[in-house]
Enquirer: 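Before I ask anything, here is the structure I am working with.
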Amino acid sequence: MLRLIPALVVALLLSACASTTPPASRTDVEQLLTLQKTRLDVAAPVARSKWNSHAPIDDPAREALILDDVAARAQLLKLDPQWTRRFFQDQFDAGKIVQRDLHRQWRAEQRPPFANPPDLARQVRPVLDRLTPDLLSVLVRLQGHWCEPGVQRALAELEPEILGADYPPSVREQATEALHCQQ
């Protein structure tokens, strides 16, 4: 019986370790910001396409469909569906800032239509569709860790480095708004 006690203690300790959430890493934050940047980089081709077609920058019906899908996926992944909707809405809004800024610039320049604008359905949306599960995957790894000092420090240090070279503060702040610790 005494021999079983150490084995039982070890088994319980291993079980406890296996069930705890692993700590979030700086790499997770870096990967999330890199995916967000990749998503933001799509805003310029979208702006060119909409410039040529005179389509509105806002597409609330399409956004609603995507947000409903993201919320459903979030629930399956045990992410808060409302927070996940907010995070993705922030990504849409940050991209729209980029698009509006470009359209404002092109109006001032009296820019003619672009020679080869991307096809939104065939070239742009598939890229965005591929990014969504990747973003969700990183959000799952970071879930419950947002307020950890290491995560907030990594976010503060990496955000200007990853997003700052290409995007102004208004875009960066919008894209990362949901990521800041809300206590």
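Everything numeric in this text was worked out from a predicted model, so none of it was measured. The first residue in the sequence is number 1, and the count goes up from there.
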Enquirer: Can you tell whether the side chains of Lys96 and Glu63 come within less than 4.0 Å, N to carboxylate O?
Expert: yes
Enquirer: Which residue is it: Leu32, Leu35, Asp80? I am looking for the one with a side chain to side chain contact (heavy atoms under 4.5 Å, CB included) to Leu139.
Expert: Leu32
Enquirer: For Pro118 and Pro45, work out which heavy atoms get closest and say how close.
Expert: CG-O, 3.2 Å
Enquirer: Give me the atom names and distance for the closest heavy-atom approach of Ile162 to Lys37.
Expert: O-CD, 3.2 Å
Enquirer: Just wondering, do Arg73 and Thr132 contact through their side chains at under 4.5 Å, heavy atoms?
Expert: yes
Enquirer: Look up atom CG in Leu163 and atom CG in Asp166, then write down how far apart they are to the nearest 0.5 Å.
Expert: 8.5 Å
Enquirer: Using the rule given for side chain to side chain contact (heavy atoms under 4.5 Å, CB included), can you reason through Tyr167 versus Glu159, listing the C-alpha separation, both sets of side-chain angles and the distance that settles it, and then say yes or no?
Expert: CA-CA 10 Å; Tyr167 297 102; Glu159 179 266 326; over 6 Å; no
Enquirer: Heavy-atom distance under 4.5 Å between the side chains of Phe88 and Ile66, does that happen here?
Expert: no
Enquirer: Side chains of Gln105 and Asp101: any donor to acceptor distance under 3.5 Å?
Expert: no
Enquirer: Could you report the tightest heavy-atom contact between Val46 and Gln99, atom names first, then the distance?
Expert: CG1-OE1, 3.5 Å
Enquirer: Using the rule given for side chain to side chain contact (heavy atoms under 4.5 Å, CB included), can you reason through Trp83 versus Trp146, listing the C-alpha separation, both sets of side-chain angles and the distance that settles it, and then say yes or no?
Expert: CA-CA 12 Å; Trp83 181 89; Trp146 294 116; 3.9 Å; yes
Enquirer: Are any of the side-chain heavy atoms of Phe87 and Leu135 separated by less than 4.5 Å?
Expert: yes
Enquirer: Tell me the closest heavy-atom pair linking Ala74 and Pro81, and the distance in Å.
Expert: CB-CA, 4.0 Å
Enquirer: With side chain to side chain contact (heavy atoms under 4.5 Å, CB included) as the criterion, how do Leu102 and Val98 come out once you've worked through the C-alpha distance, each side chain's angles and the decisive distance to 0.1 Å?
Expert: CA-CA 6 Å; Leu102 288 170; Val98 172; 4.1 Å; yes
Enquirer: Grab the two heavy atoms, one from Pro113 and one from Asn52, that are nearest each other, plus how far apart they are.
Expert: CA-OD1, 3.3 Å
Enquirer: Taking atom CG of Leu40 and atom CG of Leu131, what is their separation to the nearest 0.5 Å?
Expert: 10.5 Å
Enquirer: What's the spacing between Arg85 CZ and Asp90 CG if we round to 0.5 Å?
Expert: 13.0 Å
Enquirer: Are side-chain heavy atoms of Pro149 and Gln152 found at a separation under 4.5 Å?
Expert: no
Enquirer: Find the distance between CZ (Arg153) and CZ (Arg26) and round it off to the nearest 0.5 Å.
Expert: 8.5 Å
Enquirer: Salt-bridge test for Asp134 and Arg130: reply yes if a basic N is under 4.0 Å from a carboxylate O, no otherwise.
Expert: no
Enquirer: Is there a chain of hydrophobic side chains (I, L, V, M, F, W, Y, each step under 4.5 Å between heavy atoms) that links Leu120 to Phe114?
Expert: yes
Enquirer: Looking only at heavy atoms, what is the nearest atom pair of Glu148 and Gly144, with distance?
Expert: OE2-O, 4.3 Å
Enquirer: Applying side chain to side chain contact (heavy atoms under 4.5 Å, CB included) to Leu179 and Val151, what does each step give before you reach the verdict?
Expert: CA-CA 10 Å; Leu179 305 178; Val151 169; over 6 Å; no
Enquirer: Hey, does Glu173 have a side-chain heavy atom less than 4.5 Å from the side chain of His180?
Expert: no
